[in-house]
Structures are given as structure tokens and as C-alpha cells.
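It should be emphasised that the depicted structure is a prediction, and the values quoted were computed from it without experimental measurement. All residue numbers in this chain count up from 1 along the given sequence.
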Amino acid sequence: MSHPSTPINSDRSSRPAKSLRSTVFWRLAEDIPSSMTWSLMTVSILLPLVLWWLVTAFGVIDPKFLPSPANVIEAFQRLWSTGDLQKDTVASLWRVGVGFSLAALFSIPLGVLMGSFASIRALLEPLFGLVRYMPAPAFIPLLILYLSIGEEPKIMLIFIGVFFFNSLMVMDTVKFVPKELIEATYMLGGNRLQTLLQVIAPYVLPGIIDACRINLAAAWQLVIVSELIAATEGIGRRISVAGRFLRTDEIFVGLIVIGVIGLVLDLLFQYALRVSCSWASQKR
């Protein structure tokens with residue numbers, strides 16, 4: 001007896017894929033409209049400020065521990081009018097600039113060599129991996145012993161705190177250069193030096209800029225510690241002195257100044273990335 005044919009369940013793989021619901025905010029690996037970008041950036045700045053103002057306006061926290069935005073502005077104007085804030089900012093900028101520049105000057109080429117040649121990586125990576133776990137502030141007694149209490153130990157502390165991390169981050173960037181690029185360069189007649197300078201270096205430049213941008217933040221953290229070494233000027237010293245006398249408004253001034261400077265430098269690094277590596281910016 002024949003039975004009417006019944007539809008057989010088709011293979012799930014043959015079914016059309018379920019389309020994702022259209023969204024703007026939750027786009028995966030896609031850009032969002034520039035208007036939304038600027039709106040979100042504005043909210044990220046204004047929302048903490050509004051919350052800060054509300055907490056202090058209603059007296060939720062003692063002003064001795066959390067000054068109001070108005071008090072911080074007054075402290076900023078006071079320090080600016082005396083010229084102390086300008087001198088402290090210039091001193092800290094100079095220390096960070098010199099220490100970070102020296103670290104970048106040595107760590108970038110060394111990191112490229114470590115990433116390019118397994119022999120150099122085997123020679124140096126264990127040592128660098130060991131030293132990077134040593135907190136940079138732990139070197140302060142030795143730096144004072146070796147370099148006295150002038151500017152040298154402050155700059156050297158920043159150098160130590162940036163050099164080893166930056167070298168290893170650059171090395172990791174170079175290690176992931178596609179081998180096909182290197183093999184193609186050899187097939188076209190290129191030698192090791194040409195491959196290093198004309199293929200590897202341009203390819204890893206975006207990663208190097210990103211590594212420096214990240215480690216610049218570490219330099220600013222270390223300058224606060226370095227200015228505890230018998231400094232007479234600097235934002236770190238200003239914050240330390242203000243803390244001893246419970247002048248929290250001046251502490252907030254120092255923190256905000258560092259944050260603003262860091263944000264400006266970060267934007268400059270991003271601009272340098274877009275200008276020098278436009279192909280990488282479009283790829284992202």
C-alpha cells in the first residue's frame with residue numbers, strides 16, 4: 001500500500017541564514033556615523049562632570065575629601081596666577097619627554113631586531129622578560145646611589161619603566177609580519193637589509209606607533225613617582241605636597257592637567273598614525 005509522500009526535513013545548512021537585526025550602536029567591527037561618535041565622546045566627558053557636580057552640590061561627601069568643580073577651578077586660577085602651575089607642568093613635560101624619547105630611540109630598533117631575527121630574540125628576550133616584572137620604582141634607591149638626586153635618576157626611572165615593555169611590544173608586532181611578504185621580497189631579489197627597511201619596517205609602523213602611544217601613559221605614571229626624588233618642581237611634587245596639607249583641590253588640578261596633557265598627546269599619536277599610515281587607518 002502506497003503512502004502519500006511526506007516532505008522530508010531539509011538540511012539545516014540549506015536554509016537561508018537568519019539576518020541580523022539592523023542596528024547602529026552595536027555594530028561589530030564597523031564604523032558608526034561621525035555624529036554618533038562625537039555625541040558619545042561628549043557624553044563620556046560631560047557625564048562624570050555632572051555626577052561630580054551633583055555629589056558635591058548636595059554635600060554627599062565632605063569637601064575636604066572631594067572638592068567641588070568650582071573649588072578646583074579656583075585652585076587652578078590661584079596656581080596659574082602665581083606661575084607655579086606653569087613651572088610644574090613644564091618640568092614634568094621635560095622629564096617625560098626626555099625619558100620617553102630615549103626609551104623609544106633605543107627600544108624601537110632593538111624590538112624590530114628581536115622580532116626579525118630569532119637569534120637576537122633568543123639572546124635578549126629572557127633577560128627582558130625577567131626585568132619587565134621588576135617594578136621600576138624599586139630601582140629608585142640604586143638610581144639615587146648611582147646618579148645622585150638631580151634630574152638624571154628621574155629621567156632614568158622613566159627610561160627603565162618604558163624601555164623593556166616597548167621593546168617587547170615592538171618585537172611582538174614584528175613577529176607577526178606575514179612570511180609570504182618576506183619570501184616574496186627574497187624572490188624579487190631583495191636582501192636582508194632591504195627586507196628589513198623596505199618591507200618589515202613600513203608594515204609594522206602602525207603597531208610601533210600604537211605601542212609608543214600605550215607606553216607613553218606609563219611614562220606619565222612614573223614621572224609622579226620620579227618627582228618624589230628630591231624634586232623642587234613638577235606636577236607629581238605638587239600633588240605630593242598638596243596631599244600632605246589636605247589641599248585636595250590642588251590634587252585634582254594636578255590630576256586633571258595630567259589627564260588633559262595625556263589626552264592631547266594621545267590624539268597627536270592617532271593623528272600621526274592616520275597621516276603616516278593612512279592604509280592602516282582605512283583598514284581599521
Side-chain angles (χ1 to χ4, degrees), residues 41 89-117 120-121 124-125 127-137 139 151-178 181 195-227 234-236 255 257-284:
M41 292 172 64
T89 303
V90 170
S92 295
L93 275 171
W94 186 82
R95 290 163 185 151
V96 170
V98 175
F100 178 80
S101 297
L102 288 174
L105 180 65
F106 288 99
S107 64
I108 291 174
L110 190 58
V112 171
L113 291 175
M114 291 171 66
S116 302
F117 301 100
I120 298 180
R121 184 162 63 248
L124 296 178
E125 187 177 12
L127 175 63
F128 280 40
L130 175 68
V131 176
R132 71 167 176 164
Y133 283 102
M134 300 178 184
F139 288 90
E151 292 297 314
E152 292 82 0
K154 302 175 181 61
I155 293 172
M156 194 63 187
L157 180 65
I158 297 172
F159 177 88
I160 292 173
V162 173
F163 172 74
F164 295 99
F165 280 96
N166 209 54
S167 297
L168 292 174
M169 290 177 69
V170 172
M171 178 196 73
D172 284 337
T173 301
V174 177
K175 278 167 53 178
F176 293 104
V177 174
L181 282 178
T195 304
L196 194 62
L197 297 179
Q198 299 179 17
V199 177
I200 294 178
Y203 188 90
V204 301
L205 182 58
I208 291 174
I209 294 176
D210 274 340
C212 290
R213 182 168 66 91
I214 293 170
N215 286 309
L216 182 59
W220 274 101
Q221 294 174 13
L222 289 167
V223 77
I224 303 300
V225 179
S226 72
E227 288 174 348
I235 299 177
L255 293 174
V257 168
I258 291 175
V260 171
I261 293 174
L263 179 60
V264 171
L265 293 174
D266 194 78
L267 292 174
L268 288 176
F269 268 103
Q270 293 183 38
Y271 176 76
L273 178 62
R274 288 196 301 271
V275 172
S276 60
C277 311
S278 57
W279 56 271
S281 301
Q282 292 172 0
K283 188 176 179 180
R284 295 181 181 189

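- Atom CG of Leu93 sits about 4.5 Å away from atom CD1 of Ile261, to the nearest 0.5 Å.
- Proximity of Leu124 to Leu110: side-chain heavy atoms (C-beta onward) are separated by under 4.5 Å at one or more points.
- Every residue two or more places apart in sequence or in another chain that forms a side-chain contact (heavy atoms from CB on, under 4.5 Å) with Leu268 is listed here: Val264, Leu265.
- Residues Ile155 and Trp94 have side chains in contact (heavy-atom distance under 4.5 Å, counting atoms from C-beta outward).
- Residue Leu113 holds its CG atom at 6.5 Å from CG of Leu196, rounded to the nearest 0.5 Å.
- Val112 has its side chain out of reach of Phe117: every pair of non-hydrogen atoms, C-beta onward, lies at least 4.5 Å apart.
- Other residues, nucleotides and ligands contribute at most 12 non-hydrogen atoms within 6.0 Å of the CZ atom of Phe106.
- Residues passing the side-chain contact (heavy atoms from CB on, under 4.5 Å) test with Ala91 are Arg95, Glu233, sequence neighbours excluded.
- Here CD of Gln270 is found 5.0 Å from CZ of Arg213. Values are rounded to the nearest 0.5 Å.
- Sorted by first and then second residue, the salt bridge (charged side-chain N to carboxylate O under 4.0 Å, His left out) pairs with a member in residues 96-111 form an empty list; sequence neighbours excluded.
- Contact detail for Val174 and Val204: the closest heavy-atom pair is CA-CG1, 3.8 Å.
- Taken to the nearest 0.5 Å, the CD1 atom of Ile108 stands 9.0 Å off from the CD1 atom of Ile209.
- When all heavy atoms of Pro109 and Ala104 are compared, the closest pair comes out as CD-O, 4.1 Å.
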**Study point:** Full working for side chain to side chain contact (heavy atoms under 4.5 Å, CB included) between Val223 and Ile258
**Key:** CA-CA 10 Å; Val223 77; Ile258 291 175; 5.6 Å; no

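- Leu205 and Ser276 make their closest contact through CD2-OG, 4.3 Å (heavy atoms, listed as atom of the first residue, atom of the second, distance).
- Shortest non-hydrogen contact noted between Pro202 and Gln198 is CG-O, 3.5 Å.
- For the atom pair CE (Met156) and CG (Leu222), the distance works out to 12.5 Å, reported to the nearest 0.5 Å.
- Counting heavy atoms from C-beta outward, Val162 and Leu102 have side chains that stay 4.5 Å or more apart.
- One finds the CD1 atom of Ile235 at 4.0 Å from the OG1 atom of Thr89 (value rounded to the nearest 0.5 Å).
- For Asp172, the side chain to side chain donor-acceptor pair (under 3.5 Å) test picks out no residue, with sequence neighbours left out.
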Pairs under 3.5 angstrom only: tabulate donor-acceptor contacts from the side chains of residues 163-171 to other protein residues two or more places apart or in another chain.
residue	atom	partner	partner atom	Å
Asn166	OD1	Asn215	ND2	2.7
Asn166	ND2	Ser107	OG	2.9
Ser167	OG	Phe163	O	2.8

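- Thr195 has its side chain out of reach of Ser116: every pair of non-hydrogen atoms, C-beta onward, lies at least 4.5 Å apart.
- In this structure, Ser92 and Trp220 have side chains that are in contact, with non-hydrogen atoms separated by less than 4.5 Å.
- Across every non-hydrogen atom of Gly97 and Ser101, the tightest pair is O-OG, 2.6 Å.
- For residues 158-170, the set of pairs meeting the salt bridge (charged side-chain N to carboxylate O under 4.0 Å, His left out) definition, not counting sequence neighbours, is empty.
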